[in-house]
Amino acid sequence: MKAMRFVSSGAPLVLTEVSLPSPRGHELLIRVQACGVCRTDLHLLDGELPAIPFPVTPGHEIVGTVAALGPEASEFRIGDRVGVPWLAFTCGECLYCRSSRENLCERARFTGYTRDGGYAEQVLADERYCLPLPAEGAAAELAPLLCAGLIGYRAYRLACLGETVGEPRRLGLYGFGAAAHLLAQVARAQGVQVFAFTRPGDTAGQRFARELGAVWAGGSDERPGEWLDAAILFAPVGALVPAALGCVRPGGRVVCAGIHMSDVPAFPYRLLWGERSVSSVANLTRADGREFLSLAARLHLKATVQRFALGDANLALERLRSGALEGAAVLELPEA
């Protein structure tokens with residue numbers, strides 16, 4: 001089979017012929033239909049994640065159908081459509097696993113990073129970490145739900161908007177890409193007002209945010225005319241932390257939703273004072289996946305995607321890096 005592989009630091013992905021073994025234990029052999037292109041993949045290529053096991057196949061927003069079952073696999077059948085997210089394995093024994101925080105597992109493994117991912121025609125995945133997906137619907141439009149949607153939703157819950165006293169509730173989203181454009185739909189459905197912050201001068205991104213119901217859209221160097229109850233940072237820019245703190249009300253929260261971020265600069269304590277807080281989101285749990293996909297189905301979330309062929313993965317990544325995307329980039333593979 002063909003796969004786009006990351007073979008050395010600083011180099012682009014290389015289209016390679018790869019042979020996969022037969023699935024073992026609880027593994028599934030999955031024929032990939034689509035795989036989302038995530039900013040975490042850029043952090044991998046830029047060497048911003050530790051201990052990268054070269055060579056590796058990126059991709060952790062995988063939609064595909066089960067082609068073969070390992071001897072212990074019993075949750076899915078051949079032909080079922082499944083989703084393969086970022087979390088690929090947890091130990092089940094550490095403090096975090098035993099306290100319903102498997103996203104922080106000390107021995108976790110991750111799809112497209114510490115095990116091969118979905119920039120490929122086929123992938124092996126542990127069925128216990130796969131999510132059932134509906135047979136209907138375009139695979140490319142389901143793929144962004146498996147990380148952009150999931151991490152955005154986990155960050156949204158951590159923002160604690162349900163605890164806000166009084167109406168309306170106001171949420172700032174910094175970086176209006178794959179995650180934010182999905183989360184904006186969730187927030188609107190729950191009566192939360194969305195304020196979108198883009199790169200300064202990105203009028204196209206601001207227009208896209210307004211089309212999805214944002215009540216305000218502007219550059220990250222601007223301030224809306226009212227306090228926010230919470231802000232979520234999808235852009236991996238540490239300087240946005242004090243900027244967002246300056247926009248949230250006393251008691252508000254800033255949530256950093258990326259796996260990597262540039263250094264946060266020093267800022268005056270007055271921005272944090274007033275029981276404001278800053279927190280981060282790490283990975284996801286399987287419970288997050290089931291809960292979010294159920295919600296996405298009920299709300300009929302619509303992912304805006306730009307499709308690329310497997311061999312054009314480097315182009316998709318560069319479009320993501322430059323901000324020349326509306327919504328999410330997805331690698332789409334032809335039906336066998």
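The first residue of the sequence shown is numbered 1, and numbering continues consecutively from there. Basis for what follows: all heavy atoms, side chains included, without hydrogens, waters or symmetry-related copies.
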Which heavy atom in Leu284 sits nearest to a heavy atom in Leu150, and how many Å separate them? CD1-CD1, 3.4 Å
May I ask you to decide whether Arg321 forms a salt bridge with Asp46, counting only side-chain N to carboxylate O separations under 4.0 Å? yes
Could you tell me whether Arg307 and Glu141 have a side-chain N and a carboxylate O separated by less than 4.0 Å? yes
Does one side chain, of Glu326 or Thr304, offer a donor that lies under 3.5 Å from an acceptor on the other? no
Which ILVMFWY residues can you reach from Val330 by hopping between side chains whose heavy atoms are under 4.5 Å apart? Val305
Mark yes or no for whether Gln185, through its side chain, and Lys302, through its backbone, hold a donor-acceptor pair below 3.5 Å. yes
Are Arg188 and Gln193 close enough that a side-chain donor and a side-chain acceptor fall under 3.5 Å? no
Check: Asp41/Tyr113 side-chain N/O donor and acceptor closer than 3.5 Å: no
State, yes or no, whether a side-chain contact exists between Leu183 and Ile232 at a heavy-atom distance under 4.5 Å. yes
Considering only residues two or more places apart or on different chains, which pairs with a residue in residues 256-278 satisfy side-chain hydrogen bond (donor to acceptor under 3.5 Å, both in side chains)? Arg253-Ser277
Over 60° means perpendicular and under 30° means parallel, so tell me whether Trp86 and Phe110 are parallel, tilted or perpendicular. parallel
Report yes if the side chains of Ser220 and Pro200 come closer than 4.5 Å at any heavy-atom pair, otherwise no. yes
Pro242 and Val264, any side-chain heavy atoms less than 4.5 Å apart: yes
Does a side chain donor of either Ser294 or Arg290 reach within less than 3.5 Å of an acceptor in the other side chain? no
Taking Arg199 first and then Glu222, would you say they form a salt bridge - that is, a charged N and a carboxylate O separated by under 4.0 Å? no
Looking at Phe197 versus Trp216, is the centre-to-centre ring distance below 6.0 Å? yes
Show the nearest heavy-atom pair for residues Arg210 and Ala217, with the distance to one decimal. NH2-O, 3.1 Å
Would you tell me whether Arg5 and Thr57 have side-chain atoms, one donor and one acceptor, within less than 3.5 Å of each other? yes
Rounded to the nearest 0.5 Å, what separation is found between the CD1 atom of Ile62 and the CG atom of Leu131? 11.5 Å
Quick one: are Cys130 and Phe76 in side-chain contact, heavy atoms under 4.5 Å? yes
Whether Arg170 and Glu226 form a salt bridge (side-chain N of Lys/Arg under 4.0 Å from carboxylate O of Asp/Glu) is what I want to check. yes
Run the salt-bridge test on Glu291 and Arg157 with the 4.0 Å N-O cut-off and return the result as yes or no. yes
To the closest 0.5 Å, what do you measure between CG (Leu69) and NE2 (His26)? 12.0 Å
Asn103 CG to Asp288 CG distance, which is reported to the nearest 0.5 Å: 7.0 Å
Quick check: does any side chain N or O of Ser8 sit under 3.5 Å from a backbone N or O of Ala11, one acting as donor and the other as acceptor? no
SB check Arg24 Glu72 (cutoff 4.0 Å): no
Any side-chain to backbone donor/acceptor pair from Arg31 onto Thr65? Under 3.5 Å, distance only. no
Main-chain N/O of Gly205 paired with Thr198 side-chain donor or acceptor, under 3.5 Å: no
Non-hydrogen atoms of Leu320 and Leu325 that approach each other most closely: CA-CD1, 3.5 Å
Can you tell whether the side chains of Arg98 and Glu93 come within less than 4.0 Å, N to carboxylate O? no
Between Tyr129 and Glu102, is there a side-chain donor-acceptor contact under 3.5 Å, judged purely by atom types and distance? no
Give a yes or no answer on whether the side chain of Asn314 reaches the backbone of Leu13 with a donor-acceptor pair at less than 3.5 Å. yes
